[in-house]
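Please read the structure below before turning to the comments.
These numbers come from a predicted model, not from an experiment. A note on names: the letters A, B, ... follow the listed sequences, proteins ahead of strands, and every chain is numbered from 1.
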Amino acid sequence: MTLQFNDETFRDDYSYHNSPDAIRRFPFPFDKDDYMYAVNMEPHGSGRAGSPFENRFDVDEHYVAEMRDREITLKEDPLRCQSLPHMELAGWDLLELIMEAKSEDYPELFSLHRDGDRWHWINRPLGIDHKFTFLDPTTLPYGPMEYITRQAQGDFAVLDQRDGNLWMEAGMVTSQADWSLDFDIGMNFFEWHAPVPLAHEMGIFQRALKFLLAIQQDAPSRRLNWTMTVNPRLDTSPENYHKWGPEKRTLTPENVGEKQYLRVELQTFFRLPRSNGLAFPIRCYLISLQDLVTVPKWGRRLHRVIRDLPDELAEYKGFTVNRPLIVEYLSRFDDGKPTSPGIFPDE
Amino acid sequence: MSAQMLRVTEIEALSPLVKRFRFEHPGGKKLPLFSGGAHVVVEMPDGDLLRRNAYSLISDPQDGSGYEIAVRREDGGRGGSRFMHANVSQGDTLRISTPLNLFALDARARKHVLIAGGIGITPIIAQMRQLLRMQDRFEIHYAARSRSEAAGLRLLPRLPHIHSHISDEGDRMDLGAILDRQPIGTHVYTCGPEGLITAVAQCAARLGWPRGSLHSEVFLAPPPGRTFEVTLAKSGRTVTVGPHQSLLEALEEAEVDIDWSCRGGACGRCETDVVSCHGRIEHNDHWLSEDEHSSQTKIMPCVSRFRGRELIIDR
Ligand code: HEM
Ligand code: FES
């Protein structure tokens, strides 16, 4: 399969779109008809062929456009990318991980040649051909983390592990669901999760942290998270709330199917070898409700999930105002039939 | 737990009780790199038993050509180290897990002070190699009883900031002097017997060190004990744990599905809920809180044991 990269935007005219293939492979996050927070971790890597879980880092038709959008966001707000001084080695670890994975999994798009510390990296979709010295930051135009995450879809948090906790001390965050790296930098696992409702009382974060601290190299994990976004916008940051917040009010019964998007985050966890840090890529996938309901199982299920979702979660995820509209729209695609287990479409 | 079969390519006696083992990939493949302080779990097929012991890596973390460990023969132990000494020869292949680090250097430190007692020198050796490569400031203090027992001497380079203290030669480690003259931003790492770790913690507290600057690893092998029985709530089965077996090993033998990683009471992976307990759990882990220990509602099967009438666990 050769990938065709879409010419599309994630702001202004919002020309973002999914091909029929992208719709079929969308990472639908609900494996049953209701939803509650859980420690929903599973092994990552070599998942179902063709799905976003097949490779360590999924590269899809939105790659080039997403990298262009990141560049715009960074130009307006350089603090979206930060790395505390002691995180440089972790940045090199991340660069190696991504270069290795992409060149192995997508040899027609990326290649990496290594001769000791002298590396040659080719990124064909972005037209990059670069020779540099591994572990020598003066041979790269940016720090190692920034360099590689300008070429990788999704946000990245890079965590330092110490004192039995994880500390958010580096990251590239331009496509986040309403949280801020600049605010969270230096915080630990419990501190940056403080705004999340219910999950603390359920003991979810304590168990999740224990799991993360013992993640081994070669044994990455993943989980899916989700929210709702009006218009296919990557940069739904608190910094730019004034730009996208008001767009929530533009939803009508006529345009909800077209303008309301389900936003899914494929979150993965990788142990970094040299620094013992943890890389946390957060890959964002967007699908309009009208595209989503072309898969009947998903239409039925999403209706039931949104209808029955605890109010605290809808409030936290920020779509309480539009929930009645969304439920009304989705109800038209729910005939009450049972749904099959698992997240994938029926054949 | 990801792991691969590796070949023993070198065995060397470092002292009468300590041997160094080197493992390489049989096909010459590069092994995953790691960070100083990491350990691997070595699987030892010993007759009907499958033993699994954790050992700190002592080789250069940036060198993927092989992994090296140093094993001290513990004659009173459960047999894992005796197996390594007596039954493993050059050319054998053993299953070795991917490294995991529960004793990592703190990258923010301006200076690192590494303190080791006895065989506790092993993780410190790899940390030293990492620090040498990164050209970070550090010093090492290594304490051993006698020169002939001090296996670490063979692994430490002769450098002015690496100090050995051999107690039967009258050179005892003076923790007060070591900790008193360190610059602000120094981190201390201690590995060795429990007594040494406590002594460092107390001395540092007296001198007003911030607690976050102290790191330690107690090297825990599952202690032997008396035979005991445990009932499994899910199946109603009863499992017998022998004197030289851990509860985790007994559960594995009974083919109970249970996660693990360090096998030394430090990582939390094997944590198990206790359904009912009539007796005393001998908690040997460093994972559960004091409250969890005293309430007897959880057990770490990799290191902890039981004495009493009945223990039912949620497995
Ligand atoms: C180390 C990796 C992780 C990082 C960096 C991270 C980061 C974050 C951040 C920044 C938020 C937004 C908080 C806010 O409102 O400001 C969040 C939300 C959340 N996180 Fe994590 N997280 C991590 C791992 C996990 C894990 C392992 C779980 C497992 C249960 C988890 C569960 C959640 C949940 C349930 C939410 C609320 C999401 C929603 O309802 O939309 N996180 N996380
Ligand atoms: S396996 Fe690590 S605590 Fe038991």
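- In this structure, a donor-acceptor pair under 3.5 Å is present between the side chains of B/S65 and B/R22.
- Contact of B/R269 with chain A is made through the side chain alone, with heavy-atom distances under 4.5 Å.
- Of the two parts of B/D106, only the side chain, counted from C-beta on, holds a non-hydrogen atom closer than 4.5 Å to a non-hydrogen atom of chain A.
- Counting only distance, with no hydrogens or angles, the side chain of B/Y67 and the backbone of B/T98 share no donor-acceptor pair below 3.5 Å.
- Of the two parts of A/R162, only the side chain, counted from C-beta on, holds a non-hydrogen atom closer than 4.5 Å to a non-hydrogen atom of chain B.
- Under 3.5 Å, the side chains of B/S2 and A/D218 contain no donor-acceptor pair of N or O atoms.
- The line from CZ of A/R222 to OG1 of A/T268 is 9.5 Å long, rounded to the nearest 0.5 Å.
- Looking at A/D163, only its side chain comes within 4.5 Å of chain B, counting heavy atoms on both sides.
- Ring geometry for A/F132 versus A/W92: interplanar angle under 30°, hence parallel rather than tilted (30 to 60°).
- Both the backbone and the side chain of B/P32 come within contact range of chain A, each with at least one heavy atom under 4.5 Å from a heavy atom of that chain.
- Heavy atoms closer than 4.5 Å to chain B are found in the side chain of A/L89, but not in its backbone.
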